[in-house]
Student: 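Structure below; questions to follow.
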Amino acid sequence: MTIWIDFETRSECNLKTYGAYTYAQHPSTQVLCMAWALDDDEVELWTPDQPFPQKVSDAILSGDMIRAHNAAFERLILWYVVCPDFDVPEPKLEQFYCTAAQARSNCMPGSLEDAGRFAGASMKKDHKGAALVRKCCIPPFKHTEQDLLDLFDYCLQDVRAMRAVSQSLRQLSDVELYDYHVNERINDRGVRVDIALANAAMGYAAQELRELTDSVRELTEGAVTAIRSPALRAWVLERLGPEARKLAVKYKDGEAKNSLDKTVRANLLAFAEENPDEVPSIVAEVIQATDDVWASSTAKYGKLVALADPEDARVRGAFVFAGGAATGRASSYGAQLHNITRKAAKHPLAIRDAMMRREALVPTHGKRVTDVLKLMLRPTLIPADGHAFVVADWSAIEGRVNPWLADSPKGRAKLKQFADGLDAYIVNASATFGRSYAAILADHEAGKSDERQIGKVQELSCGFGGGVGAFASMARIYGVNLPEPTARRMVLAWRAANQWAPMFWSDLERAYVSAMLHPGSEYTAGRVSYMFDGQHLWYILPSGRVLCYPFARRERDGSVTYAKASWKPGANAEEWPRGKLWPGLACENVTQATAHDVLREALRRCEEKGLRTILTVHDEIVIETTDGDRDVVVLADIMRSAPAWADGLPLDCEAKIMERYGK
């Protein structure tokens, strides 16, 4: 039997600010109503002035599955409000099935309203529900009796819509459901925050903001008085040279727009180092100040403090299962720990001591306050007393998965480099510059050459069909500025040394186009298969997991497009925005999805071995342990062992014991 439920609640606690875990446990949180149904029965309404439905209690006690949209919220409300207050049996975590996770696993939007619009319902957004929530559920609760009745009707309709959407979709496999529960156990454990350090960091950030704003006002001679303003962008663009101005152009839906976003700022600052005539020093200073102010890493300190449990300082609920629209990779919510900077301070305790004493951080600990705060973000996450972290990350996992998926003789030669323990970046550089592996390695270790760095940029930018623009952009981020002819030579050199890659891109394109032309038939490229069911273009990964390009179609020019779940429609849109499938994107999707399958397998094994996973960031797994010497070996063994379905995939990782989260 299946129980379908949806709660409407109210609280003095702000859900968005403090998160679902703190919200559910707040003493002011109460249930306004619960809409529920068993299987396909009529949806019914329960309010707290009535006895709790015996049928629901019996179903919970019997271990029946509970389906809810964003089920973690319903689970927490049941655990912390309904069960203790109304003598309802407490359901187990494993009884919950999230229909939002189901939608995302089918490459649809996670929002219930957007899922309906995505599938072809009215494209006009209905704001009625949001307005009722504001009136009835958020202080100061300015609602009428009719507003409450309307909210109850809205709750009933949500259950009907959730059930209809869920029943129309491919159901989660047993493995996917197990992985969802693994993700929720990680969320329930949470990660501890050094609150004192985070508060100190916010103090430094506030002072830095005041100083940077004053600096920009002075540098622009009063033309820009607020860094977060269109005036600053206009001031910068007016002073860029023609080549630099090209770097500030971004394309969205084929339309060119000027931007000063994070990527543009990084590119301009890198470009400025060798082209002061294009980016004058005073303009570079303003761009740098802007970058410092907009640094999302410093804003994370405030998020961490707000989301931390008042009792144990742990941030819970940070990870969204299958949040990646096209790959099913996990994403992060709230503090957005997946976006946490990869770099960390080498001596975090010394910097922490300085911050606690309110000492100046510059120049002792870094060139700018913002740089220091970025490096201290990871060390703000700490283990429980008497515990340590074991942090392990895979080495070049996408660089290994990509040729393994190609499953060609030249791809297997690439894999042998990894199996033999060679540095793929130095191998690239050797092929590009015609120098021996040993010579480039020696220069790299002596700090004499950036050839390995160029090899790294080649690997990261070229594997998914990236051209000269992608290579040059990533090179600037890594501090390497190359003229276009040289960048072109680097791209061509990588492709010549990795001929399996262009062949794989072509094979993928032939497979998905053939599938579109012959609905119901399966076409294979390497270890990946495609099948078009007349509506969605499905792709099947070596693990057996399936994903799709929803509502795919062939356009008049022969290209394949699909509804892109991660894009939002405009106010007057009549159709959900569509993306174009091209060989490089297909390769990126299958590679990242397969790499994520390796992560899911490892997380399952961590659970089975009794390891307490508390974080997964990029290609890292972080566990909390009282026996680091033992568990560092166990975790490394798990991550170096390929899953049964990935025979021949050479994996390697680096595992460390840490007192604080670092790199």
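The analysis underlying the following values was restricted to heavy atoms, covering all of them including side chains, and did not include hydrogens, waters or symmetry mates.
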Student: For Asp647, is the CG atom crowded, meaning more than 12 foreign heavy atoms sit under 6.0 Å from it?
Tutor: no
Student: How about Asp631 and Thr625: does a side-chain donor come under 3.5 Å of a side-chain acceptor?
Tutor: yes
Student: For the backbone of Gly411 and the side chain of Trp404, can you confirm whether one donor and one acceptor N or O come within less than 3.5 Å of each other?
Tutor: no
Student: Above 12 or not: heavy atoms from other molecules or residues under 6.0 Å from CD of Glu484?
Tutor: no
Student: Under the rule for side chain to side chain contact (heavy atoms under 4.5 Å, CB included), what residues qualify as partners of Ile382, not counting sequence neighbours?
Tutor: Arg192, Asp194, Arg660
Student: Count the heavy atoms of every other residue, nucleotide or ligand shown that sit under 6.0 Å from CD of Gln336, and state whether that count exceeds 12.
Tutor: yes
Student: Assess, by modelled atom type and distance only, whether the side chains of Gln288 and Asp292 contain a donor and an acceptor separated by less than 3.5 Å.
Tutor: yes
Student: I'd like to know if Arg189 pairs up with Glu607 as an ion pair, taking the criterion as any Lys NZ or Arg NE/NH1/NH2 lying under 4.0 Å from an Asp or Glu carboxylate oxygen.
Tutor: yes
Student: Ion pair present between Arg605 and Glu601, side-chain N to carboxylate O less than 4.0 angstrom?
Tutor: no
Student: Tell me if the NE2 atom of His618 is crowded by more than 12 foreign heavy atoms within 6.0 Å.
Tutor: yes
Student: Between Arg578 and Thr561 (side chain of the first, backbone of the second, donor and acceptor by atom type, cut-off under 3.5 Å), is there such a pair?
Tutor: yes
Student: How long is the span from the OH atom in Tyr562 to the CE atom in Met516, to the nearest 0.5 Å?
Tutor: 12.5 Å
Student: Considering all heavy atoms of both residues, which atom of Phe532 and which atom of Ala515 are nearest to each other, and what is their separation?
Tutor: CB-O, 3.3 Å
Student: Using the rule given for salt bridge (charged side-chain N to carboxylate O under 4.0 Å, His left out), can you reason through Asp393 versus Lys656, listing the C-alpha separation, both sets of side-chain angles and the distance that settles it, and then say yes or no?
Tutor: CA-CA 9 Å; Asp393 67 314; Lys656 300 177 182 177; over 6 Å; no
Student: Nearest 0.5 angstrom please: Lys663 NZ to Glu654 CD, how far?
Tutor: 8.0 Å
Student: Any chance you could measure Glu451, atom CD, to Ile440, atom CD1, to the nearest 0.5 Å?
Tutor: 4.5 Å
Student: If you round to the nearest 0.5 Å, how far is CG of Asp619 from CG of Leu599?
Tutor: 9.0 Å
Student: Under 3.5 Å, which donor-acceptor pairs do the side chains of residues 423-430 form with other protein atoms, sequence neighbours left out?
Tutor:
| unit_1 | atom_1 | unit_2 | atom_2 | d |
| --- | --- | --- | --- | --- |
| Asp423 | OD1 | Tyr425 | N | 2.8 |
| Asp423 | OD1 | Ile426 | N | 3.3 |
| Asp423 | OD2 | Arg452 | NE | 2.8 |
| Asp423 | OD2 | Arg452 | NH2 | 3.1 |
| Asn428 | ND2 | Ala424 | O | 3.4 |
| Asn428 | ND2 | Gly455 | O | 3.1 |
| Asn428 | ND2 | Glu459 | OE1 | 2.7 |
| Ser430 | OG | Arg435 | O | 2.5 |

Student: Between the side chain of Arg265 and the main-chain N/O of Leu260, is any donor-acceptor distance below 3.5 Å?
Tutor: yes
Student: Is the shortest distance from a Lys or Arg side-chain nitrogen in Asp188 or Arg185 to a carboxylate oxygen in the other one below 4.0 Å?
Tutor: no
Student: For the OG atom of Ser332 and the CZ atom of Phe319, what is their distance to the nearest 0.5 Å?
Tutor: 5.5 Å
Student: Any chance you could measure Thr616, atom OG1, to His596, atom NE2, to the nearest 0.5 Å?
Tutor: 8.0 Å
